[in-house]
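Have a look at the structure below before the remarks.
Keep in mind the model is a prediction, meaning the values are calculated, not measured. Values below: every heavy atom of this structure, side chains too, minus hydrogens, waters and symmetry copies.
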Amino acid sequence: MGFAFAEIEGEPYWDETACYAFTAAEIDALEAATAELERLTRLACAHVVREDTGRALGLSETAWTLAKRSWLRGEPSLYGRMDLRWDGAGPPKLLEYNADTPTALFEAAVVQWEWLQCTNPALDQFNGLHEALIVAWPRLGLPARVHFACAKDSIEDRGTLDYLRDTAIQAGLAAPALTMDEIGWDGRCFRDADEQPIQAIFKLYPWDWLLAEDFGAHIPHAPTRWIEPAWRLMPASKAFLALLWALFPDHPNLLPAYLEPGRCGGPEIAKPYWGREGANITAPGAEIPGPYTDQPRVWQRYAELPCFAGRYPALGSWVIAGVPAGLGIREDATPITRDTSRFVPHWFQPEGSK
């Protein structure tokens with residue numbers, strides 16, 4: 001299937017020695033919670049733009065200018081992944097929103113569906129990702145040619161990028177690939193290695209990294225459309241968790257979160273604003289190393305992941321074009337989900353079936 005990163009550094013990443021079983025009602029609850037959190041996200045973004053408070057999310061002046069302009073233009077989002085804590089009792093809780101460069105998409109959309117068809121096709125899965133992506137591309141208002149770029153040294157990123165290219169091609173777009181270091185600037189617009197103009201580009205590369213590149217200074221002046229759009233910098237910042245709690249206190253799908261420690265009313269977990277894959281998270285009994293030690297942090301009420309047979313699952317609920325579309329689950333032997341966590345499949349039994 002082209003799943004080149006089913007093992008990472010000699011260790012299993014795809015793990016079908018276990019799966020998670022849901023009822024149809026539980027899937028409905030996850031889908032409803034995801035839709036509600038997406039609604040809150042859009043309301044919070046509108047609030048930040050209206051109040052002009054993007055700098056409080058840790059955005060530089062340039063980043064905030066781009067994000068605000070992108071929001072006011074109404075640039076649509078393609079995808080995002082909400083990481084949720086849920087044990088089936090009570091409402092699902094948002095841990096964070098991977099709103100800029102989420103991965104684990106190919107395995108959620110394609111691999112676990114193939115697993116289900118091979119093992120028990122009578123069951124169902126919360127997984128309309130592939131079809132939703134193909135439908136979404138034409139609705140983004142893009143030119144007929146969209147470039148796709150990521151860093152050249154990540155097998156996982158390349159696998160995710162190639163999968164998204166495939167969905168774009170199925171949607172009728174031309175989708176040439178390049179690496180980030182092949183993006184050139186001719187004084188007026190960005191160009192690829194063949195000197196073709198880059199009118200639109202999907203970049204599996206974080207906005208905060210993008211703006212730090214040498215060519216980042218040209219982004220505000222270039223006509224290129226970027227996917228994800230720059231306004232996704234707002235929910236991508238972990239400081240957004242504190243904003244959500246301030247705007248919607250005691251919401252059943254949110255955890256208390258603040259920009260200062262000691263206010264959550266119990267144990268807390270500290271997260272760097274732009275941290276990834278669990279790096280530099282500090283939680284009760286755990287301190288994860290990483291490269292983000294110099295970043296400001298947000299403090300969130302610590303809600304330890306449930307434990308099943310010694311494994312702690314984080315539920316990755318996917319949003320395609322603003323609509324809930326599927327589920328992927330990553331497990332770890334510890335309560336902190338990291339880049340070494342494994343992906344495990346799921347299924348549910350449709351209503352009325354035996």
- Message: I'd like to know if the side chain of Gln125 and the backbone of Gln112 have a donor-acceptor N/O pair within less than 3.5 Å.
- Response: yes
- Message: I'd like to know if the side chain of Glu268 reaches the main chain of Arg263, judged simply by a donor and an acceptor atom lying under 3.5 Å from each other, with no hydrogens or angles considered.
- Response: yes
- Note on the structure: Applied to residues 214-228, the side-chain hydrogen bond (donor to acceptor under 3.5 Å, both in side chains) test, sequence neighbours excluded, yields Ser77-Glu228, Trp185-His218, Glu228-Arg232
- Query: Any side-chain heavy-atom pair from Tyr273 and Leu259 closer than 4.5 angstrom?
  - Reply: yes
- Message: Please check this pair: side chain of His346 against backbone of Phe126, looking for a donor-acceptor N/O pair closer than 3.5 Å.
- Response: yes
- Message: As a quick check of understanding, evaluate side-chain contact (heavy atoms from CB on, under 4.5 Å) for Tyr163 and Leu133, giving each step before the final call.
- Response: CA-CA 10 Å; Tyr163 171 61; Leu133 285 163; 3.8 Å; yes
- Query: Under a 4.5 Å cut-off applied to non-hydrogen side-chain atoms, are Thr34 and Leu84 in contact?
  - Reply: yes
- Message: Does atom CZ (Arg145) have a neighbourhood of more than 12 heavy atoms from anything else shown, all under 6.0 Å?
- Response: yes
- Is the backbone N or O of Asn280 less than 3.5 Å from a side-chain atom of Arg297, with the two atoms forming a donor-acceptor pair by type? yes
- Message: Could you tell me if the side chain of Ile320 sits less than 4.5 Å from the side chain of His130, heavy atoms only?
- Response: no
- Is Arg330 salt-bridged to Asp339, going by a charged N under 4.0 Å from an acidic O? no
- Message: Assigning hydrophobic clusters by single linkage (Ile, Leu, Val, Met, Phe, Trp, Tyr; side-chain heavy-atom cutoff under 4.5 Å), is Leu116 placed with Ile329?
- Response: no
- Message: Count I, L, V, M, F, W, Y as connected when their side-chain heavy atoms are under 4.5 Å apart, and connections chain through other members. Are Val110 and Leu161 then in the same cluster?
- Response: yes
- Query: Is Asp332 reaching over with its side chain to a backbone N or O of Pro335, donor-acceptor style, under 3.5 angstrom?
  - Reply: no
- Carefully, step by step, assess Leu66 and Thr62 under the rule side-chain contact (heavy atoms from CB on, under 4.5 Å). CA-CA 6 Å; Leu66 285 170; Thr62 297; 4.3 Å; yes
- Message: Are the side chains of Lys203 and Thr101 in contact, using a 4.5 Å heavy-atom criterion?
- Response: yes
- Query: Is the number of heavy atoms from other residues, nucleotides or ligands under 6.0 Å of Ile155 CD1 greater than 12?
  - Reply: no
- Message: Does any part of the side chain of Glu213, heavy atoms only, come nearer than 4.5 Å to the side chain of Met180, both counted from C-beta?
- Response: no
- Message: Can you confirm whether or not the ring centre of Phe215 sits under 6.0 Å from the ring centre of Phe190?
- Response: yes
- Query: Donor-acceptor pair, Arg85 side chain versus Leu95 backbone, under 3.5 Å?
  - Reply: no
- Query: Between Trp137 and Phe148, is the ring centre distance below 6.0 Å?
  - Reply: yes
- Query: Okay, side chain of Glu156, backbone of Phe5: is any donor-acceptor separation there less than 3.5 Å?
  - Reply: no
- Item | Side chain Trp231, main chain Pro235, donor-acceptor under 3.5 Å | no
- Could you tell me which non-hydrogen atom of Cys307 sits nearest to which non-hydrogen atom of Tyr312, and how far apart they are? CB-CE2, 3.6 Å
- Heavy-atom closest contact (Ala279 atom, Gly290 atom, distance): CB-CA, 4.0 Å
- Please assess Lys152 against Glu182 for the test side-chain contact (heavy atoms from CB on, under 4.5 Å), listing each intermediate value before the final yes or no. CA-CA 10 Å; Lys152 62 183 178 182; Glu182 291 176 323; over 6 Å; no
- In terms of heavy-atom contacts, Leu233 and Asp208 come closest through CD2-N, 4.2 Å
- pair Phe202-Arg165: side-chain heavy atoms closer than 4.5 Å: no
- Item | Heavy-atom donor-acceptor pair, Asn127 side chain to Gly326 backbone, under 3.5 Å | no
- Query: Trp245 and Leu255: same hydrophobic cluster, using ILVMFWY side-chain contacts below 4.5 Å?
  - Reply: no
- Message: Would Glu9 and Thr340 count as a side-chain contact (heavy atoms from CB on, under 4.5 Å) here? Give the steps.
- Response: CA-CA 10 Å; Glu9 296 182 358; Thr340 55; over 6 Å; no
- Query: Would you find a donor on one side and an acceptor on the other, under 3.5 Å apart, between the side chain of Asp192 and the backbone of Ile198?
  - Reply: no
- Item | Nearest non-hydrogen partners of Tyr302 and Ala283, listed with the distance | CE1-CB, 4.0 Å
- Query: CZ of Arg188: more than 12 outside heavy atoms within 6.0 angstrom?
  - Reply: no
- Evaluation steps, salt bridge (Lys or Arg N to Asp or Glu O under 4.0 Å), between Asp87 and Lys93: CA-CA 10 Å; Asp87 59 4; Lys93 301 286 188 180; over 6 Å; no
- Message: Count I, L, V, M, F, W, Y as connected when their side-chain heavy atoms are under 4.5 Å apart, and connections chain through other members. Are Phe106 and Leu327 then in the same cluster?
- Response: no
- Message: Could you report the tightest heavy-atom contact between Pro313 and Leu305, atom names first, then the distance?
- Response: O-CD2, 3.5 Å
- Could you check whether the rings of Tyr79 and Trp318 sit parallel, tilted or perpendicular, using 30° and 60° as the cut-offs? parallel
- Query: Is it the case that one hydrophobic cluster holds both Phe248 and Val298, taking links as side-chain heavy atoms less than 4.5 Å apart, direct or via other members?
  - Reply: yes
- Item | Pairwise side-chain contact, Arg73 with Pro229, heavy-atom cut-off 4.5 Å (strictly under) | no
- Task: Measure up the Trp14 and Phe343 rings against each other and bin them: parallel (under 30°), tilted (30 to 60°), perpendicular (over 60°).
- Result: parallel
- Side chain to side chain, Leu30 and Phe22, heavy atoms closer than 4.5 Å: yes
- Thr119 and Pro121: which non-hydrogen atoms are nearest, and at how many Å? C-CD, 4.1 Å
